[in-house]
Protein chains: 2
Amino acid sequence: MAVTLKEVAERAGVSRSAVSRTFTDGASVSDKMRRKVEKAAKELGYSPNALASSLTTGRTKLIGLVSNNFHNPIFLEVFDLFTRGLQDRGLRPLLVNLTDETDPENSVRMLRQYSVDGVVVASSTLPPGFAKAFRDAGVPVVHSFGRASSAPQVHVVGIDNVECGRMAARELVARGYEHVGIMGGPEAATSTQDRFTGFMSELAAHPNVKVSHSFAEAYSFDAGRREMLRLLENSPAQAYFCGDDVLSIGALSAIDDSGLSCPDDIGLIGLNDMEMAQWENINLTTIHQPIQQIVTSSIELMVAMLDDPERYPETRIFPCSIVERGTLKAEA
Amino acid sequence: MAVTLKEVAERAGVSRSAVSRTFTDGASVSDKMRRKVEKAAKELGYSPNALASSLTTGRTKLIGLVSNNFHNPIFLEVFDLFTRGLQDRGLRPLLVNLTDETDPENSVRMLRQYSVDGVVVASSTLPPGFAKAFRDAGVPVVHSFGRASSAPQVHVVGIDNVECGRMAARELVARGYEHVGIMGGPEAATSTQDRFTGFMSELAAHPNVKVSHSFAEAYSFDAGRREMLRLLENSPAQAYFCGDDVLSIGALSAIDDSGLSCPDDIGLIGLNDMEMAQWENINLTTIHQPIQQIVTSSIELMVAMLDDPERYPETRIFPCSIVERGTLKAEA
DNA sequence: CACATTTTTGCAACCGGTTGCAAAATGCGT
DNA sequence: ACGCATTTTGCAACCGGTTGCAAAAATGTG
């Protein structure tokens, strides 16, 4: 069905190499030759088979885009940015859905079978070892939204979740809350653990502020709502740092339904600054995560690694900032 | 770097064909041979190069997953279902982001360069001609969430948007509203056009009910909010059928902010039944679109086409149903 | 115009697999 | 043990490209 190099060569009356060369830039071809070949190619509707050429060049321009976050709306934006960013650089995202996968082995094998040039792991919940499995298989890896580390085994691009925890704690203290809580995401997620650590460490410096903590079962509306309903049952804190915006919105709904009001009765601060957080009927105070920069930087790093696979692993952390909206009481 | 067939063959002391055969099922290999080969393969950590084999077999197991809906949360679920469904069948989604692309040509060429076995166009806004461009290039294609047609040029799986429009109209009439409106999505989208057609045609049978219509600029919260604010400025209808749930939620926020209440002052009915629609602080009455079935059926159809590329184009329409929540007044 | 230098071109081998075909090995019946 | 049918195996060509090398053509120099 498809037109091949050979057919174009025959039609143009030249060698196969000549055709190949007109389609690889940097190769030596005379103008006359190029015109002849391009004419024949156009007439036949030829375009080179990327996979066949990958066999000899060793590059497929395929990038594995691996994630397990298919339920957090913020990741739709992440996918949007990644796919467009990769496309713009002539790279093709091969999407791998890791939901329910705990073992990297299968995906590693599969992505190697397809000779991907690199892998982007886009997940805030997968352990660092997951990304490392790809590196050990000899594939350039960038872990986006991964856990920051001072001695990274693979490239990591993201935010400092510990610092975010601290920032949230500082903000609640500054607002004059005297009993605060963290309602974390799933306890197994690295992002949850780090935010928790930061939150608690900051509050250790404020012994006069009472702290409580609990964890929701998932980064989801329902989990946030359920957990907040449970918390409201006996002596809740005055304000909560929620694991992320989706959880916050669930919590908000629980608060509303309990006849309480936010921020009058209970304050909330989220994390991510997803689009919905600014919707007028939500209006969530939250910590902004610079998604666009993280994605852009991840792609840059990936491109750099394609040139130099031995590049030394690097951690790139982007600062977050608080976006004040309507779910915390005014400064004390 | 990667281990090749040849190395395994040498190590096992057999021919290259023998190795190839142990990794292609249905091939004739003795048990003794298979064991020898598998041992050598395991020792070397060999796994076959899917792209090299595609050269001779003509199948890559790559499926282009093409969409331009990267801003509607419902599509995160669509991507989740597609990627998992394809993976489960040993197929690999190559994601193509068509945002801002109006011409199918580039994507067609790119997907042919990668020899995809098939293409799924997942979009409710792309015109039928887009999917047809892939078919014309000789690639099996399924248009999911596409426009239903009695004489389809390509396989279409989705819902009957005209009927959804009628259904919404019937519901509003049954509830006793005497002035109703449709606040459609972007006018250029086929789904908008069809829903509009259905809505108006049903109301033509009810001359005593006053109808008005308008269109939002996008399927987004902001567009819905803006449009509703505009509508509220002078004599709005008593109830609106909104182009989709995201628009509805935007409209809801506009209504709240205007000091009006839903459903007491203005009724709303959406379309999609996205997860958020059931959140307690939204609680949107809407038309449920059976996404899971659409995706499953699309994948089935795709798999069937891989076996028989000449399969006659087919339209598969799944019924929608109204999910009653809290944004319409009780039945008259 | 002859000669040296540079550019362009084609040949042939190769990338990592698959597969038709014929030869070798095995199984079966007696 | 034999002949015959059936499996199993290896050879070699092929899939659709790329690329090192040397020959051919074009260009420059005196």
Side-chain angles (χ1 to χ4, degrees), chain A residues 1-41 44-62 109-117 138, chain B residues 1-41 44-62 109-117 138:
Chain A
M1 184 84 229
V3 186
T4 76
L5 189 92
K6 198 172 132 207
E7 301 173 56
V8 177
E10 278 162 9
R11 172 153 197 139
V14 301
S15 75
R16 289 160 54 216
S17 348
V19 180
S20 173
R21 285 187 183 109
T22 56
F23 284 94
T24 25
D25 38 28
S28 154
V29 210
S30 68
D31 283 5
K32 195 168 55 162
M33 171 98 289
R34 159 158 280 127
R35 272 194 296 277
K36 260 198 296 186
V37 171
E38 278 173 351
K39 178 158 172 287
L44 294 172
Y46 170 76
S47 68
N49 181 325
L51 302 179
S53 76
S54 82
L55 218 40
T56 38
T57 60
R59 329 208 116 224
T60 54
K61 302 201 166 192
L62 290 172
R109 192 177 46 241
M110 183 244 122
L111 287 170
R112 284 202 5 175
Q113 290 184 334
Y114 280 84
S115 319
V116 293
D117 288 349
Chain B
M1 181 87 227
V3 186
T4 75
L5 190 94
K6 196 170 135 210
E7 301 173 56
V8 177
E10 276 162 11
R11 173 155 197 136
V14 301
S15 74
R16 289 160 55 218
S17 346
V19 180
S20 173
R21 284 187 183 110
T22 56
F23 285 95
T24 24
D25 37 28
S28 155
V29 210
S30 68
D31 284 6
K32 196 169 54 160
M33 170 100 286
R34 159 158 280 127
R35 272 194 297 277
K36 261 199 296 188
V37 171
E38 278 173 351
K39 180 159 170 289
L44 295 172
Y46 170 75
S47 67
N49 181 323
L51 302 180
S53 75
S54 83
L55 262 192
T56 37
T57 61
R59 332 208 114 223
T60 54
K61 302 201 167 195
L62 291 173
R109 191 177 48 241
M110 182 245 121
L111 287 170
R112 284 204 3 177
Q113 289 183 334
Y114 280 84
S115 320
V116 294
D117 287 349

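In what follows, chains carry the letters A, B, and so on, assigned in the order in which the sequence lines appear, proteins first and then strands, with residues in each chain numbered from 1. This one's a predicted model, so the numbers in the text were calculated from it and none came from an experiment.
Among the protein residues, B:S30 comes within range of the sugar-phosphate backbone only, with heavy atoms under 4.0 Å from sugar or phosphate atoms but none that close to a base. Counting non-hydrogen atoms under 4.0 angstrom, B:S53 reaches the backbone sugars and phosphates but no base.
We find the OG1-CG distance between B:T57 and B:D117 to be 8.0 Å, quoted to the nearest 0.5 Å. The CG atom of A:N49 sits 7.0 Å away from the OG atom of B:S54 when rounded to the nearest 0.5 Å. Atom OG of A:S15 and atom CZ of A:R21 lie 6.5 Å apart (nearest 0.5 Å). Once rounded to the nearest 0.5 Å, the distance linking CZ of B:R16 with CD of B:E10 reads 9.5 Å. The line from NZ of B:K32 to NZ of B:K36 is 6.0 Å long, rounded to the nearest 0.5 Å.
Atoms CZ (B:F23) and C1' (C:dT19) sit 18 Å apart, rounded to a whole Å. Going from atom CD of B:Q113 over to atom C1' of D:dG17 covers 13 Å, rounded to whole Å. Remark: C1' of D:dG17 and CD of A:E7 are 13 Å apart, rounded to the nearest angstrom. A:D25 has its CG atom 11 Å from the P atom of D:dT18, to the nearest Å. Rounded to a whole Å, the NZ atom of A:K36 is 11 Å from the C1' atom of C:dT8. Rounded to whole Å, atom P of C:dT18 lies 12 Å from atom CG of B:L51. Here the C1' atom of nucleotide D:dT18 and the CZ atom of A:R59 are 15 Å apart, to the nearest Å. One interatomic measurement links the two molecules: CG of B:D31 to P of C:dA25, which rounds to 19 Å at whole-angstrom precision.
Side chain A:S15 to base C:dC11: no donor-acceptor pair is found below 3.5 Å. Side-chain atoms of A:R21 and base atoms of C:dG10 include a donor and an acceptor less than 3.5 Å apart. The base of D:dG17 sits with one of its N or O atoms less than 3.5 Å from a complementary donor or acceptor on the side chain of A:R16.
When each of A:M33 and B:K6 is assigned the nucleotide of DNA chain C bearing its nearest heavy atom, the one mapping closer to the 5' terminus is A:M33. Each of B:A18 and B:A52 has a nearest nucleotide on DNA chain D; the 5'-most of these lies closest to B:A18. A residue-by-residue look at A:V29 and B:S54 shows that A:V29 has its nearest nucleotide of DNA chain C further toward the 5' end. Looking at which nucleotide of DNA chain D each of B:K32 and A:L5 is closest to, the 5′-most match is held by B:K32.
Residue A:S20 places at least one side-chain N or O closer than 4.0 Å to OP1 or OP2 of D:dT18. In this structure, B:T56 does not reach the C:dT19 phosphate: none of its side-chain N or O atoms is under 4.0 Å from OP1 or OP2. Applying the 4.0 Å criterion to OP1 and OP2 of C:dG17, one finds that B:Y46 has a side-chain N or O inside that range.
For A:T4, whose side chain is taken as the heavy atoms from C-beta onward, the closest listed nucleotide among C:dT18, D:dG17, D:dT19 is D:dG17. For A:L55, the listed nucleotide lying nearest its side chain is C:dG16; candidates were D:dT19, D:dA12, C:dG16. Listed candidates were D:dT18, D:dG16, C:dG17. Nearest to the side chain of A:N49 is D:dG16. The side chain of B:S28 lies closest to D:dT7 when the candidates are C:dG17, D:dG17, D:dT7.
For A:T60 (side chain) and A:S115 (main-chain N/O), a donor-acceptor pair under 3.5 Å exists by modelled atom type.
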